Number of protein chains: 2
Amino acid sequence: MITIYDVAAKASVSAMTVSRVINNTGKISEKTKTKVMRVMEELGYVPNQTARSLVLQQTKLLFLLITDIMNPFYTTLARGAEDAAKRSGYRLLFGNSDESIEKEADYITTILTTRVDGVLVAPAGDPSLPHLESLRKHKVPFVLLDREVPGIECDIVLGDSKEGARMLVEHLVAHGHRSIAMVNGSSSISSARLRMQGYQEGMKLNDLNVDNRYVFETSFGTMTDLSEMEQWIGHMDPPPTAMIAGNNVLAVEAMKLLRDRGIRVPEDMSIVCFDDLGPYSELDPFLTVAAQQAYQFGYMGMQMLIERIQERETTVPWKKIVLPADLMIRRSVKDIRKHS
Amino acid sequence: MITIYDVAAKASVSAMTVSRVINNTGKISEKTKTKVMRVMEELGYVPNQTARSLVLQQTKLLFLLITDIMNPFYTTLARGAEDAAKRSGYRLLFGNSDESIEKEADYITTILTTRVDGVLVAPAGDPSLPHLESLRKHKVPFVLLDREVPGIECDIVLGDSKEGARMLVEHLVAHGHRSIAMVNGSSSISSARLRMQGYQEGMKLNDLNVDNRYVFETSFGTMTDLSEMEQWIGHMDPPPTAMIAGNNVLAVEAMKLLRDRGIRVPEDMSIVCFDDLGPYSELDPFLTVAAQQAYQFGYMGMQMLIERIQERETTVPWKKIVLPADLMIRRSVKDIRKHS
DNA sequence: TAATTTAATGTTATCGATAACATTATTATA
DNA sequence: TATAATAATGTTATCGATAACATTAAATTA
């Protein structure tokens, strides 16, 4: 491997001079600069980031930990994070916890040993607390995405889950629905809890009662076992006229199960959900969704992280950004009002 | 930051002894081992991977470079690669070139400076050649995914693009279609070229002629400008009865454009494509596809890469794995045969 | 021209770990 | 008990870069 010393020797200068040329620091004469650059070119020299990181005590690496790489919400978010990282000269490492606390634990270890400069993390849920405490203890700056974790204070980018869910209820009610079910992710996840609250509040505001048999809790993740959900969908009697899904994955899965039973969307059942489907929003039944600004989650989160890293002051208060959800009305809700 | 020396001091041993405990090498007495482990625990010591990488001359980091993080083919592939990497104790860095040679160049620089142990790369196209030559020159082992690059010999995992395309033609012909269009990715990408060849051969085998007005070339990537494609779709006269898309993204985009013009799938136009839609294959129009084994691409590619890294012999010949495409017949093709 | 800046380059120590060799402690054998 | 063998631990050099300080060369000023 070509090192800075090989370059130095061939250019008949010291390693330090080469270093100065590379980093454009200090004073170097035009002549030696040109000579060194030519030699670097000739030898195909590439600086060793590992050695650099060791002495500089920074890796210029950031880490993005998401919970479901198959979910367009997170891939879009990843694009945003990537763009923001690149703009500031950081490179991005990346991991996928699959909504599992155990896999998340592995990644936390990786993060600590890799000495990344900072972490963007969508936590698997409330049990992520010890992981975050571990990051805090080792002074690794981090920003949470999408989910709060009780017990930890930090920078965070959130969606307005409660208001979004209320909005979805209102939309259904406005189209005449009064019997509305809810499939949601685990209640150990803050966004799921808030969506549930928004659903309940929305129902109450419209004098509708929340029937627990119409509420089902499972996992937000792709590739989850669907048998229990299938049971639930088949056993609601009488069936609701509409359903809210806690995220896009659940909506698509619910739809699949409904179709298996010969129930059509939206003719026999209306469905709305949180999060858009990315490029697949164009596929029938054209889901009506409370779209979250996935790209912004990643981009703004990354900006906050980088600011925090570059911050010398440790006294700056934690920042919290709440992004509104945007109702995209498409075609998965049937109007069942009795028109006058 | 807690270093190995802090641990050594507190445990009243040398750094080397601590190192031996960490790596479980050499001989250490039970007593000191326990003591050192307790001290590490107490101090919350985590080894510095950067320092370790510098002396060991390996990072235990691998890099996966894909061309479209929004495409379920690549996210599924990424899952496979991640699983295989983890099984062998490697961590995975990740980048998204967005089908752009320029962004790819940036990532190549990152890869070289980061001194990763190996790279899995889905090249942006034939112009990726210098990037691969650069990896080769710096002795970074790599495995190509999905696309060949003329001029470079290496390990590679491919899909059987030509046969897959022929299969799609056959399927359409079997349903009475004789006027079949093709939207494809750039011909500077080997898989796109082979799919085009498969299409042409399939047509000839059925005594159908390939009308160039029915063939359109654009980019495989999500978020590409669609105006030219829109033009093309609107100007085919007479319109074909069926269309083959070079990948899933193009199929979805084509469908969107068709719908904008009031053309229904499959009633007015049949569509088939390469690559499945992941979780979104359940959304109408239930695309009939030549599904590639995306997860296997990632998993097997990663295995080949790791074998190559651990290989001491440099004489082992390059390996080439060709995975067959699997025809998933769903509902996007209309049967237009005149039944007897 | 000598003295003083300032520009240009070099030397040494360091980051945190481990390899290779060195030493000391312990046990087994003669 | 002396000696060899082995177990346990320690010391030093090294990976490739850069910071901090040191030195030399060139330019400026008195």
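Here is how names work: the chains are called A, B, and so on, in the same order as the sequence lines, proteins then strands, and each is numbered from 1. Here the structure is a predicted model, which means the values were calculated and not measured.
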Letter per nucleotide, 5' to 3', of nucleotides 7-17 of chain C [B base touched, S only sugar-phosphate touched, - untouched; heavy atoms, 4.0 Å]: SSBBB---BBB
Reading nucleotides 23-29 of chain D from 5' to 3' and marking B where a protein heavy atom lies under 4.0 Å of the base, S where only the sugar-phosphate is that close, and - otherwise, the string is -------
With [X] via side chain to side chain donor-acceptor pair (under 3.5 Å) - residues at least two apart:
X	answer
T59(B)	D117(B)
T75(A)	none
T114(B)	R91(A)

[X]: what forms a side chain to side chain contact (heavy atoms under 4.5 Å, CB included) with it, not counting sequence neighbours?
X	result
K320(B)	E148(B), I156(B), L158(B), V322(B)
T76(A)	A294(A), Y295(A), M70(B)
A51(B)	L54(A), N48(B)
I2(A)	D6(A), V7(A), L43(A), Y45(A)

Just to verify, what does K35(A) make a salt bridge (Lys or Arg N to Asp or Glu O under 4.0 Å) with, not counting sequence neighbours?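 Counting only residues at least two positions away or on another chain, K35(A) forms no salt bridge (Lys or Arg N to Asp or Glu O under 4.0 Å).
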Please, which pairs that meet ring pair (Phe, Tyr, Trp, His ring centres under 6.0 Å) have at least one residue in residues 67-98 of chain A, sequence neighbours excluded?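 Matches after skipping sequence neighbours: F73(A)-F297(A), F94(A)-F94(B).
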With a 4.0 Å cut-off, would you call K86(B) and E102(A) a salt bridge?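 A salt bridge is absent here (no side-chain N lies under 4.0 Å from a carboxylate O).
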If you fit an axis to the five pairs at each end of the helix from dT1(C)-dA30(D) to dA30(C)-dT1(D), how big is the angle between those two axes, to 10 degrees?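 Axis angle across the helix from dT1(C)-dA30(D) to dA30(C)-dT1(D), nearest 10°: 50°.
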